[in-house]
Amino acid sequence: VRTPNYKQAIFTITDPLTELQAYTGIPVARTGHHNDCFLASYDDYGTYQDTSADKAYLSEDTRFTPMGGETCASSQFSGCKNALKELARMHWTYLNADYNSYVLAGWTSGGCMNEVKRRLGYRFQLIDGQYTDSVSQGLGLRVQIRLVNRGWAAPFNLRPVRLVLVKDDDTTAFGAALPVDPRFWGAGDTVDLDFSIGVPQYVSSGQYQLMLSMPDPAEALAPRPEYAIRLANDSVWEWGSGRNSLRHVVTV
């Protein structure tokens, strides 16, 4: 909706979404925000009725809802320093790349456009990991992974997080879903994944590449790499499969 006051009026609320309400499917949890005149003035050309209070509400509500829009006019508020601060505070996910050209050109000349492109939405980066080197069938494979979200927002669509063992010839794969929800990996959060995954008896002996996979949950889209989450690390993404290599070999 166009302004935070619209959402508050529609649902007769004053408080932002809570973590308990987020992603429950109720209408208020499925309603996001679109600022059509971002940084155009103190109140963004009427986007805010009470700028201080509305921004405080919006910064909390957008932890769990989509937020985006477009710029519409250059102003004393539209320079790089303030833009980066406000984009981060409101957890921006999307931005119209075609409007306003003067504002966006200012971000390019001001040196912040590349950061805007990198940090819109979520940006998960692998920090480090520790993994079991070898495991017998029927026993547990210990995996400890640390990620950080360097983006301004979290994903707002549900998706699985899977550890996958892939044989060197890519003909055999075993996957296990982790009991985690990346929609709660918020901006700036460090996420520790520490799990022991049981390796089934039917998995054949051999060497396997350890992968992290976050595909789209829809059956028609799950096999398509362009819908999977790609980690923001060099040399981990597999274009063909949509999996992220953890650069570790496990002997079964």
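Formation of a donor-acceptor pair under 3.5 Å by the Thr18 side chain with backbone atoms of Gln21 is found in this model. Judged by distance alone, with hydrogens and angles left aside, the side-chain atoms of Asp216 form no donor-acceptor pair with the main-chain N or O of Ala228 at under 3.5 Å. The closest donor-acceptor contact from the side chain of His33 to the backbone of Thr65 lies at 3.5 Å or more, if one exists at all.
Put simply, CG on Asn114 and CZ on Arg119 are 13.0 Å apart, with the number rounded to the nearest 0.5 Å. Interatomic distance, OG1 of Thr3 versus NE2 of His34, reported as 11.5 Å (0.5 Å rounding). Phe184 CZ to Arg63 CZ: the interatomic distance, rounded to the nearest 0.5 Å, is 9.5 Å. Atom CZ of Arg118 sits about 12.0 Å away from atom CE of Met113, to the nearest 0.5 Å. Between atom CG of residue Asn100 and atom CZ of residue Phe38 there is a gap of 13.0 Å, rounded to the nearest 0.5 Å. Atoms CG and CG, from Asp50 and Asp43 in turn, are 10.5 Å apart once rounded to the nearest 0.5 Å.
Checked against the 6.0 Å centroid threshold, Tyr208 and Phe174 do not count as a close aromatic pair. Separation of the Trp152 and Tyr122 ring centroids does not fall under the 6.0 Å cut-off.
No side-chain heavy atom of Trp107 sits under 4.5 Å from any side-chain heavy atom of Lys117. Annotation: side chain of Val148 is not in contact with side chain of Phe124 (no heavy-atom distance under 4.5 Å). Residues Asp133 and His248 meet the side-chain proximity criterion, which asks for heavy atoms closer than 4.5 Å. No side-chain heavy atom of Val191 sits under 4.5 Å from any side-chain heavy atom of Asn149. Two residues are said to be in side-chain contact when any heavy atoms from C-beta on lie closer than 4.5 Å; Gln8 and Tyr57 meet this criterion. For the pair Val1 and Thr31, the minimum side-chain heavy-atom distance is below 4.5 Å. Under the 4.5 Å side-chain criterion, counting only non-hydrogen atoms from C-beta, Leu95 is in contact with Leu104. Under the 4.5 Å side-chain criterion, counting only non-hydrogen atoms from C-beta, Trp239 is not in contact with Pro225.
Enclosure of atom CD in Gln137 by more than 12 non-hydrogen atoms of other residues, nucleotides or ligands within 6.0 angstrom is indicated. The number of heavy-atom neighbours closer than 6.0 Å to CZ of Arg2, taken from other residues, nucleotides and ligands shown, is above 12. Heavy atoms of other residues, nucleotides or ligands lying less than 6.0 angstrom from CD of Gln49 number 12 at most. The number of heavy atoms from other shown groups lying within 6.0 Å of CZ (Arg230) is above 12. Atom CD of Glu219 sits in a sparse spot, with 12 or fewer heavy atoms from other residues, nucleotides or ligands closer than 6.0 Å.
The hydrophobic clustering, which links ILVMFWY residues whose side-chain heavy atoms are closer than 4.5 Å, places Leu147 and Val180 together. In the hydrophobic cluster analysis, where Ile, Leu, Val, Met, Phe, Trp and Tyr join through side-chain heavy atoms closer than 4.5 angstrom, Tyr227 is grouped apart from Val161. Put simply, Val250 and Val203 are part of the same group of oily side chains (I, L, V, M, F, W, Y) that touch within less than 4.5 Å, one to the next. The hydrophobic clustering, which links ILVMFWY residues whose side-chain heavy atoms are closer than 4.5 Å, places Phe11 and Phe64 together. Under the 4.5 Å side-chain heavy-atom criterion for grouping Ile, Leu, Val, Met, Phe, Trp and Tyr, Leu212 is not connected to Leu158 through any hydrophobic cluster.
Cys112 and Leu84 make their closest contact through CB-CD1, 3.9 Å (heavy atoms, listed as atom of the first residue, atom of the second, distance). The minimum heavy-atom distance linking Pro182 with Ala154 is given by the pair O-CB, 4.4 Å. Of all heavy-atom pairs between Ser41 and Ser75, the closest is N-OG, 4.2 Å. When all heavy atoms are compared, the tightest approach of Val249 to Gln209 is CG2-NE2, 3.5 Å. When all heavy atoms are compared, the tightest approach of Ser74 to Tyr102 is OG-CB, 3.7 Å. For Pro223 against Ala220, the heavy-atom pair with the smallest separation is CD-O, 3.8 Å.
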* Is there a side-chain contact (heavy atoms from CB on, under 4.5 Å) between Met214 and Leu231 once you walk through the steps? -> CA-CA 10 Å; Met214 291 179 276; Leu231 295 180; 3.9 Å; yes
* To do: Kindly indicate, with the supporting measurements, whether the criterion side-chain contact (heavy atoms from CB on, under 4.5 Å) is fulfilled by Asp36 and Glu70.
  => CA-CA 5 Å; Asp36 208 39; Glu70 65 184 23; 3.3 Å; yes
* Yes or no on side-chain contact (heavy atoms from CB on, under 4.5 Å) for Leu58 and Met67, after CA distance, side-chain angles and deciding distance? -> CA-CA 9 Å; Leu58 197 62; Met67 174 72 217; 4.1 Å; yes
* Could you give me the CA-CA distance, side-chain angles and deciding distance for Asn244 and Leu246, then say whether side-chain contact (heavy atoms from CB on, under 4.5 Å) is met? => CA-CA 6 Å; Asn244 297 278; Leu246 295 176; 5.7 Å; no
* Asked: Would Lys7 and Asp61 count as a salt bridge (charged side-chain N to carboxylate O under 4.0 Å, His left out) if you check the C-alpha gap in whole Å, the side-chain angles of each, and the deciding distance to 0.1 Å?
  -> CA-CA 10 Å; Lys7 181 170 180 177; Asp61 202 64; 2.8 Å; yes
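Residues that satisfy the side-chain contact (heavy atoms from CB on, under 4.5 Å) test with Glu238, not counting sequence neighbours, are Met211, Ser241, Arg243. Looking at residues two or more places apart in sequence or on another chain, you find a salt bridge (charged side-chain N to carboxylate O under 4.0 Å, His left out) between Asp194 and Arg142.
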